[in-house]
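Reviewing the structure listed below.
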Amino acid sequence: QVQLVESGGGLVQAGGSLRLSCVASGRTFSSYAMGWFRQGPGKEREFVAAITWSGGSTYYTDSVKGRFTISRDNAKNTVYLQMNSLKPEDTAVYYCSQGRPLVLGRSWKGGDAWGQGTQVTVSS
């Protein structure tokens with residue numbers, strides 16, 4: 001049974017930082033791409049960042065480039081999202097997803113496994 005568990009969300013002031021973590025279990029972590037998605041109030045879920053199985057390539061939506069960094073530790077079955085210079089518009093529930101897309105990029109809609117989400121709230 002595949003399970004993804006996110007943590008690290010919270011309330012932070014604009015300009016602050018948070019680090020999200022997502023621990024995966026149930027299948028070989030290093031065989032799968034990982035991604036972060038978010039859903040803000042009244043909005044559809046959107047792609048934030050993704051990383052290939054090896055960590056060799058990363059992808060970001062334009063609004064977070066230069067502020068967010070996705071990384072993974074295959075020994076710990078964990079993917080991270082370091083979020084710096086947070087803005088109120090980053091407020092959302094953040095989800096991690098795992099999958100094997102034919103092509104990984106900013107248009108990825110997510111894989112076949114999803115976490116339950118962690119709330120990030122950025123106050124102005």
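Here the structure is a predicted model, which means the values were calculated and not measured.
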Checklist entry - Got a sec, which residues hit side-chain hydrogen bond (donor to acceptor under 3.5 Å, both in side chains) with Glu89, two or more places apart in sequence or on another chain? => result none

Item to check | Check: Trp114 ring centroid to Phe37 ring centroid under 6.0 Å | outcome: yes

Checklist entry - Would a hydrophobic clustering, with Ile, Leu, Val, Met, Phe, Trp and Tyr connected at side-chain separations under 4.5 Å, put Val120 with Ile70? => result yes

Checklist entry - Taking it one step at a time, do Val2 and Gln98 satisfy side chain to side chain contact (heavy atoms under 4.5 Å, CB included)? => result CA-CA 9 Å; Val2 179; Gln98 183 184 69; 3.7 Å; yes

Item to check | Greater than 12 external heavy atoms within 6.0 Å of Lys43's NZ | outcome: no

Next on the checklist: Starting from Val64, can I reach Leu81 by hopping between I/L/V/M/F/W/Y residues whose side chains sit under 4.5 Å apart?
Outcome noted: yes

Checklist entry - Roughly how far, to the nearest 0.5 Å, is CD of Gln116 from SG of Cys96? => result 7.5 Å

Item to check | Cluster overlap Tyr60 with Leu18, hydrophobic side-chain contacts below 4.5 Å | outcome: yes

Checklist outcome for this item: Heavy atoms of Ser30 and Arg72 approach each other most closely as CA-NH2, 4.1 Å

Checklist entry - Looking only at side chains, do Tyr94 and Arg38 share a donor and an acceptor under 3.5 Å apart? => result yes

Item to check | ring pair (Phe, Tyr, Trp, His ring centres under 6.0 Å) against Tyr32, all qualifying residues, sequence neighbours excluded | outcome: none

Checklist entry - In terms of hydrophobic clustering (I, L, V, M, F, W, Y; side-chain heavy atoms under 4.5 Å; direct or indirect links), are Tyr59 and Tyr95 co-clustered? => result yes

Item to check | Nearest-0.5 Å distance, CG of residue Leu11 to OG1 of residue Thr91 | outcome: 8.5 Å

Checklist entry - How many angstroms lie between OG1 in Thr61 and CD in Glu46, if you round to the nearest 0.5 Å? => result 6.0 Å

Item to check | Side-chain (Ser97) to main-chain (Gly111) donor-acceptor, under 3.5 angstrom | outcome: yes

Item to check | Ala92 to Gln119 - nearest heavy-atom pair and separation | outcome: O-NE2, 3.5 Å

Next on the checklist: Looking at every non-hydrogen atom in both residues, tell me the closest pair between Ser124 and Ala14 and how far apart they are.
Outcome noted: CA-CB, 4.4 Å

Item to check | Pair Asn84, Ser17: side-chain N/O donor-acceptor within cut-off below 3.5 Å | outcome: yes

Next on the checklist: Minimum heavy-atom separation for Leu104 and Pro101, please, with both atom names.
Outcome noted: CD1-CG, 3.7 Å

Next on the checklist: Please evaluate residues Glu6 and Leu20 with respect to the criterion side chain to side chain contact (heavy atoms under 4.5 Å, CB included), reporting the C-alpha separation (whole Å), side-chain torsions for both, the decisive distance (0.1 Å), and the verdict.
Outcome noted: CA-CA 7 Å; Glu6 302 99 334; Leu20 306 184; over 6 Å; no

Next on the checklist: side chain to side chain contact (heavy atoms under 4.5 Å, CB included) for Lys109 and Arg45? Distances and angles first, verdict last.
Outcome noted: CA-CA 9 Å; Lys109 299 300 183 185; Arg45 188 168 59 195; over 6 Å; no

Item to check | Sub-4.5 Å side-chain heavy-atom contact between Thr118 and Val93 | outcome: no

Checklist entry - Could you state the interatomic distance from CD (Gln13) to OG (Ser123), rounded to the nearest 0.5 Å? => result 5.0 Å

Item to check | Heavy-atom donor-acceptor pair, Thr52 side chain to Ser57 backbone, under 3.5 Å | outcome: yes

Item to check | Minimum heavy-atom distance Ile51-Val79, with the two atoms named | outcome: CG2-CG2, 4.2 Å

Checklist entry - What is the minimum heavy-atom distance between Cys22 and Leu4, and which atoms define it? => result SG-CB, 3.9 Å

Item to check | Transitive ILVMFWY side-chain link Met34 to Phe47, under 4.5 Å | outcome: no

Checklist entry - Is the backbone of Gly105 close enough, under 3.5 Å, to the side chain of Ser107 for a donor and an acceptor to pair up by distance? => result no

Next on the checklist: Given the ring of Tyr80, does Arg19 sit roughly above its face, with NZ or CZ under 6.0 Å from the centre of the six-membered ring and within 45° of the axis?
Outcome noted: yes

Next on the checklist: Please report whether the ring centroid of Trp53 lies less than 6.0 Å from that of Phe29.
Outcome noted: no

Next on the checklist: Please determine whether salt bridge (charged side-chain N to carboxylate O under 4.0 Å, His left out) holds for the pair Asp112 and Arg100, giving the CA-CA distance in whole Å, both sets of side-chain angles, and the decisive distance to 0.1 Å.
Outcome noted: CA-CA 8 Å; Asp112 61 342; Arg100 282 178 167 170; over 6 Å; no

Item to check | Point-to-point distance, once rounded to the nearest 0.5 Å, from OG of Ser54 to CG of Asn74 | outcome: 8.0 Å

Next on the checklist: Arg106 vs Asp62, test: side chain to side chain contact (heavy atoms under 4.5 Å, CB included). Steps then yes/no.
Outcome noted: CA-CA 9 Å; Arg106 294 184 292 175; Asp62 286 346; 2.6 Å; yes

